[in-house]
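The structure under discussion appears below in the form of structure tokens.
Ligands are counted one by one from 1 in listed order, and the atoms in each one are counted from 1 as well.
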Amino acid sequence: MAGVAGRLARRWCLGALSSPLQVARFPALQLHLCGPAMRGSQKDFENAMNQVKLLKKDPGNEVKLKLYALYKQATEGPCNVPKPGVLDFINKAKWDAWNALGSLPKETARHNYVDLVSSLSASSESSSQVTPAADRKQPGSDALVVTSQDGITSITLNRPDKKNALTTQMYHDIMLALEAASKDDSAITVLTGNGDYYCSGNDLTNFTDIPPGGVEEKARSGAVLLRGFVDCFIDFPKPLVAVVNGPAVGISVTILGLFDIVYATDRATFHTPFSHLGQSPEGCSSYTFPKIMGPSKATEMLVFGKKLTAREACAQGLVTEVFPDSTFQKEVWARLKAYSKLPPNAMRISKQVIRNREKEKLHAINAEESSTLQERWLSDECVNAVLSFLSKKAKL
Ligand SMILES: CCCCC/C=C/C(=O)SCCNC(=O)CCNC(=O)[C@H](O)C(C)(C)COP(=O)(O)OP(=O)(O)OC[C@H]1O[C@@H](n2cnc3c(N)ncnc32)[C@H](O)[C@@H]1OP(=O)(O)O
């Protein structure tokens, strides 16, 4: 085991070094949809900033610079930093835009920022089924966006360029978001993804971040994280809905067995390639999947890694209903909006009546699956599969 562990530590670190650098972003330039009645209070401003994360249409550099300048003016006042050199094109363009606002008061800049985001959202082709939960503490990174409207709290995975793969930070942020959603005044909570994927499962680069305690420590903390993460889904007290906007892989599939409703676009697929990865099932799927679809269909998915289409997953009971991709968002949100008007306490209590019967069992299964995975992560089979992905040799 020590040999494998040493090799893992060495090679995982190499994997980390070979992964491409993240492209630098300006958070204030990220845009997204917004309700029509934007104003200029500090709260509206924060709302607008939070909402700039999901817009599908790029507004172009000129508008981005305008937003950047207004953001800086609203938060820091008139431009007060030295002008960048002529060859530093990007920073110079940003500086010029900010400096051009002269002594515009902070409050006016805030108003203008909010108005601009509002006008962009109006022209956005995105549907505005959600607005940010302004009172809620937003997660520590842009990779998760939490919004609340019409009695629905939505937790959106927002790493479309990485197919919404789950980083360690995202696991923590999802747990925090679920904790907040369990206490807010929404009736229903939704998990969904931004972009063409719902989620590609665990971010395999999580394995490259080896702590001083080595790979055993890494596996141990991974199992603790996994267990805590899945516990949050087991215990979540309100109706929990997965809006599966595209393909789903790994843990994003297994935890579907803990959701109350799963709506999927017909473009979605459901893939749990655990054997290919030298891993074993989690998310209580070793219990929920056989229960939902029968043991042999569950084995095809969890042991042999059979990928299901949305329609197959629906026929097997994992998915509640499949919608054509062209009308998916419209139909699903209309349906959820109607459900969210039902008496919330009745819905919560009914869910708990259903769930309580299973809770103890689910927690025990989660503990067992997590400790099995802890061992699997140290196996040669798993190490080689992860290395293979990191070196871009393998694709599922
Ligand atoms: C602590 C809790 C642990 C819980 C245990 C969980 C277990 C699991 O979830 S197991 C499943 C893990 N997931 C995978 O093995 C999927 C790996 N990804 C792929 O096979 C493919 O990326 C794909 C099939 C999901 C999509 O293929 P394709 O459409 O060709 O897109 P790209 O491969 O080019 O992906 C774009 C970009 O995103 C990166 N990426 C995608 N998925 C992951 C991932 N799971 N982990 C890390 N990175 C991922 C991919 O590497 C590309 O990055 P760049 O090359 O830098 O653009």
Side-chain angles (χ1 to χ4, degrees), residues 12 15-23 143 157-175 193-211 215 217-233 244-258 267-286 289 301-303 305-308 366-379 381-396:
W12 277 354
L17 285 176
S18 68
S19 58
L21 290 171
Q22 289 264 345
V23 177
L157 309 174
N158 186 36
R159 280 182 91 208
D161 55 334
K162 298 288 178 189
K163 312 291 182 193
N164 296 325
L166 299 170
T167 60
T168 302
Q169 178 69 47
M170 286 166 79
Y171 288 108
H172 287 290
D173 284 343
I174 292 169
M175 288 192 273
N194 183 27
D196 62 339
Y197 256 66
Y198 173 65
C199 174
S200 62
N202 190 36
D203 188 314
L204 295 173
T205 66
N206 290 340
F207 288 108
T208 61
D209 177 22
I210 307 294
V215 287
E217 174 54 29
K218 178 79 192 169
R220 204 165 25 247
S221 64
V224 170
L225 176 62
L226 173 63
R227 187 171 168 186
F229 179 73
V230 175
D231 275 347
C232 288
F233 286 86
V244 183
N245 56 296
V249 183
I251 191 165
S252 71
V253 177
T254 56
I255 54 168
L256 292 178
L258 298 171
R267 223 171 33 74
T269 52
F270 298 82
H271 195 193
T272 49
F274 298 125
S275 299
H276 299 71
L277 293 165
Q279 299 189 29
S280 52
E282 17 62 355
C284 294
S285 59
S286 62
F289 278 30
M301 277 193 87
L302 297 174
V303 178
K306 183 181 180 192
K307 190 196 285 186
L308 301 190
N366 181 27
E368 190 188 319
E369 287 177 348
S370 301
S371 92
T372 304
L373 249 183
Q374 180 178 335
E375 285 173 28
R376 281 277 91 211
W377 284 326
L378 297 173
S379 71
E381 287 178 344
C382 178
V383 173
N384 290 334
V386 171
L387 288 172
S388 177
F389 176 81
L390 293 175
S391 62
K392 301 285 174 198
K393 277 191 225 134
K395 217 152 245 190
L396 298 169

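Heavy-atom contacts of Gly222 reach the following atoms of ligand 1: 1 (C) (cutoff under 4.0 Å). Close approach of ligand 1 to Glu282 (heavy-atom distance below 4.0 Å) involves ligand atoms 5 (C), 6 (C), 7 (C), 8 (C). In summary, the atoms of ligand 1 found under 4.0 Å from a heavy atom of Ala165, numbered by their order in the structure, are 43 (C), 44 (C), 45 (N), 46 (N). The contact set between ligand 1 and Gly201, taken as ligand atoms under 4.0 Å from a residue heavy atom, comprises 9 (O).
Ligand 1 lies less than 4.0 angstrom from a heavy atom belonging to Tyr197. Assignment of Trp377 to the shell around ligand 1 is supported, since a heavy atom sits closer than 4.0 Å. For Asp161, the heavy-atom gap to ligand 1 drops under 4.0 angstrom.
Remark: ligand 1 and Ser200 share an N or O pair separated by less than 3.5 Å (distance only, no angle test). Below 3.5 Å of separation, one finds no N or O of Val249 facing any N or O of ligand 1.
When side chains are defined from C-beta on, Lys218 does not count as touching Trp377, because their heavy atoms never get closer than 4.5 Å. Residues Leu226 and Leu373 form a side-chain contact, since some pair of their non-hydrogen atoms from C-beta on lies under 4.5 Å apart. Side-chain contact check for Asp203 versus Arg159: some heavy-atom pair is nearer than 4.5 Å. Between Val386 and Leu277 there is no side-chain heavy-atom pair separated by less than 4.5 Å. Taking 4.5 Å as the limit, some side-chain heavy atom of Ile174 sits within range of a side-chain heavy atom of Phe233.
Side-chain atoms of Arg267 come within 3.5 Å of backbone N or O of Asn245 as a donor-acceptor pair.
Within a 6.0 Å radius of CD in Glu217, more than 12 heavy atoms belonging to other residues, nucleotides or ligands are found.
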